[in-house]
Amino acid sequence: MLFSDLLREKNSEIKLIPSGELVCGSLSGVMSKLVTYPWDLVRKRLQFQNFQYARVGFGMNFTCKGLFNCFKGTIEGEKVFGLFKGLSPSLLKAALTTALHFAFYEEILHKLR
């Protein structure tokens with residue numbers, strides 16, 4: 001019974017309104033950024049740790065030995081919220097771009113059918 005209902009819904013023409021596509025896209029962008037942002041922050045810190053001479057005057061210098069050492073040092077020095085430092089602009093960008101990708105993709109897909 002349940003499978004036939006899902007199959008019927010899949011084969012029928014269900015289309016979200018454009019604002020629904022934008023909302024779904026922005027929510028998926030925000031959720032993916034929330035999950036991946038701490039890893040991205042640690043990656044950037046690992047990349048920039050050898051450029052300390054160029055960062056004089058731009059806050060504290062951060063050195064670590066590896067991925068998990070960088071996570072540990074960030075959490076010890078800045079608490080868990082330190083893993084999400086600078087998240088706001090990144091969330092805004094992710095929400096807007098993913099929402100537009102979803103909306104345009106669905107609209108183009110609908111036009112091609």
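None of the values given here were measured: they were computed from a predicted structure.
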Linked, directly or transitively: V80 and L67 (ILVMFWY side chains, under 4.5 Å): yes
Check: K33 and L87 side chains under 4.5 Å, non-hydrogen atoms: yes
Heavy-atom closest pair, residues F84 and L34: CE2-O, 3.7 Å
Nearest atoms (heavy-atom pairs only) where L46 meets G66: CD2-O, 3.9 Å
Inter-residue atom distance S26.OG - H101.NE2, 0.5 Å rounding: 13.5 Å
Closest non-hydrogen atom pair between L41 and G82, with its separation: CD2-O, 3.6 Å
Rounded distance [0.5 Å steps], CD in E21 versus CG in L100: 11.5 Å
Common cluster, M31/L91, ILVMFWY with side-chain heavy-atom separation under 4.5 Å: yes
Separation between OG1 of T74 and NZ of K79, rounded to the nearest 0.5 Å: 12.5 Å
V42 and L83, any side-chain heavy atoms less than 4.5 Å apart: yes
Heavy-atom pair of closest approach, residues G29 and A94: O-CB, 3.7 Å
Considering all heavy atoms, the nearest F102-G25 contact: CG-CA, 3.5 Å
Geometric class of the F71/W39 ring pair [parallel <30°, tilted 30-60°, perpendicular >60°]: perpendicular
Check ion pair E78-R45 (N to O, under 4.0 angstrom): yes
Nearest-0.5 Å distance that lies between atom CZ in R43 and atom OH in Y37: 10.5 Å
CD-CG distance between E76 and N69, expressed to the nearest 0.5 angstrom: 8.5 Å
Atom pair OG1 (T98) and OH (Y105), whose distance is rounded to the nearest 0.5 Å: 15.0 Å
